[in-house]
Amino acid sequence: MSFNTFGLMFRVTTFGESHGPAIGCVIDGCPPGLEITPQEIRAALERRATGRSRHTSQRREKDDVQILSGWFEGRTTGTPIALLIENTDARSRDYDEIMRQFRPGHADYTYWKKYGMRDYRGGGRSSARETTMRVAAGALARKWLNLELGVDIQGWLAQLGPLRTDEVVEWDSIDGNPFFCPNPGMVRELESYMDALRKSGDSVGARVNVIARNVPAGLGAPVYGKLDADLASAMMSINAAKGVEIGAGFASVSQKGTEHRDEMTKKGFLSNHAGGILGGISSGQDIVVSTAFKPTSSLRLPCRGLDVDGEEVEIVTKGRHDPCVGIRATPIVEAMMALVLMDHVLRHRAQNG
Ligand code: EPS
């Protein structure tokens, strides 16, 4: 049981480590005939890449994706699609000093406990690098969903540390700044906050939201295949994710039933506290998911920790780390939304025709 595969009908298996020779994925179950080019996948990857601004990791990867199979004359063939990206800018010596140490707040410790060994270079598969192939696979799902059903998926930064960033939402501005911030009036404040944070050597968490529009009603199954459960699982599977809310989420706790219920009229629902999902099945309303990302645990500020012999050591992490991994998470949550919806559309068709 190794669990590197995601989805039932649109199945994505990812492989590779941050500092290994390459990362890749195999997508099985993609419908034939989808027109897609490597350039389209590269464009999706570019939005997630490191080094796009001074506010993210300065590692420079080209993410030059190759399509190795399942694609002929510009279209998917229905056979397994293999995608591969070579790692070209890993600097493994940065990790020499923590080879035998566990960074507090990092998966170093639990990987060691589980496997009795770990690829300490760049965190191996616990690295944000692993999310690259989710975005690559997500590009196919997203395109298919849009062409087939008109589904439109958009993510945004909702909060960075203490700064709420979506009190004003201008959809067209999201891709025009390095934070995926929908409020152009907040960008300067975000820049100053991040510049000071980077200087201090610390890191911070973030909240990233995603909305899917034009999702047909009826996706998801009543009990064990709930659409919201699968979305929550998908978002929680992103490295550094610590919480997921669907619709009103934890705000539902303090709501009254009269407030939470989304009243229905001939013109449609009057609100969307359900986040587009009722009883695990899509209602046809927008699907809204919010994901919390923890602060990056790889810090140059010294802290107390243990080594593999159980000895107390002072830990300092070198490397080119993101001071806020949530800044790059918007394309990742969009990809996970696309992958889950695609899988559920195919599941729905398999049962209901
Ligand atoms: C990461 C640490 C940095 C990031 C990396 C995620 O890499 P390195 O191990 O080389 O210092 O650059 O992100 C990517 C390479 C990427 O493509 O997302 C980490 O510890 O998660």
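For ligands, and for the atoms within them, numbers begin at 1 and follow the listed sequence.
Using a 4.0 Å cut-off to heavy atoms of Arg59, the atoms of ligand 1 that qualify are 7 (O), 8 (P), 9 (O), 10 (O), 12 (O), 15 (C). Annotation for ligand 1: atoms under 4.0 Å from non-hydrogen atoms of Gly122 are 9 (O). Within ligand 1, the atoms closer than 4.0 Å to a non-hydrogen atom of Arg48 are 16 (C), 17 (O), 18 (O), numbered from 1 in the order shown.
The shell of residues lying under 4.0 angstrom from ligand 1, judged by heavy atoms, includes Thr50. Ligand 1 has His19 within reach: a non-hydrogen atom of the residue lies less than 4.0 Å from it.
Counting heavy atoms closer than 4.0 Å to ligand 1, residue Glu61 contributes nothing at all. Contacts between Arg91 and ligand 1, counted as non-hydrogen atom pairs separated by less than 4.0 Å, are absent for every part of the residue. With a heavy-atom cut-off of 4.0 Å, Arg121 does not touch ligand 1 at all. In Arg129, the parts holding a heavy atom less than 4.0 Å from any atom of ligand 1 are both the side chain and the backbone. Only the side chain of Ser57 comes within 4.0 Å of ligand 1, counting heavy atoms alone; its backbone N, CA, C and O stay farther away.
Among the candidates Glu61, Glu130, Arg59, the single residue satisfying the side-chain hydrogen bond (donor to acceptor under 3.5 Å, both in side chains) test with Ser18 is Arg59.
Side chains of Arg129 and Asn87 form a contact here, defined as non-hydrogen atoms less than 4.5 Å apart.
For atom 1 (C) of ligand 1, the candidate residues are Ser127, Ser298, Ala90; the nearest heavy-atom contact is made by Ser127.
Contact check on Asp307 versus Arg100 returns no salt bridge, with no Lys/Arg side-chain nitrogen under 4.0 Å from an Asp/Glu carboxylate oxygen. A salt bridge does not link Asp63 with Arg42: every distance from a Lys NZ or Arg NE/NH1/NH2 to an Asp or Glu carboxylate oxygen is 4.0 Å or more. For the pair Lys318 and Glu97, the salt-bridge criterion is met [side-chain N within less than 4.0 Å of a carboxylate O]. Checked for salt-bridge contact, Glu312 and Arg304 miss the test: no charged N lies under 4.0 Å from a carboxylate O.
Without hydrogens or angle criteria, His321 side chain to Ser57 main chain gives no donor-acceptor distance under 3.5 Å.
Atoms CD1 and CG, from Ile281 and Leu219 in turn, are 9.5 Å apart once rounded to the nearest 0.5 Å.
Looking from atom 13 (O) of ligand 1 to the surrounding protein, the closest heavy atom is Arg328 NH2, 3.2 Å. The protein heavy-atom contact nearest to atom 3 (C) of ligand 1 is Arg320 O, 3.4 Å. Looking at atom 20 (O) of ligand 1, its nearest protein heavy atom turns out to be His321 ND1, 3.8 Å.
If you check the side chains of Arg207 and Ser290, you find a donor sitting under 3.5 Å from an acceptor.
Geometrically, ligand 1 and Tyr95 share a nitrogen or oxygen pair separated by less than 3.5 Å. Residue-to-ligand polar distances place Ala128 within reach of ligand 1: an N/O pair is separated by less than 3.5 Å.
Stacking of Arg75 on the aromatic ring of Trp144 is not recorded, the 6.0 Å distance cut-off and the 45° axial limit not both being met.
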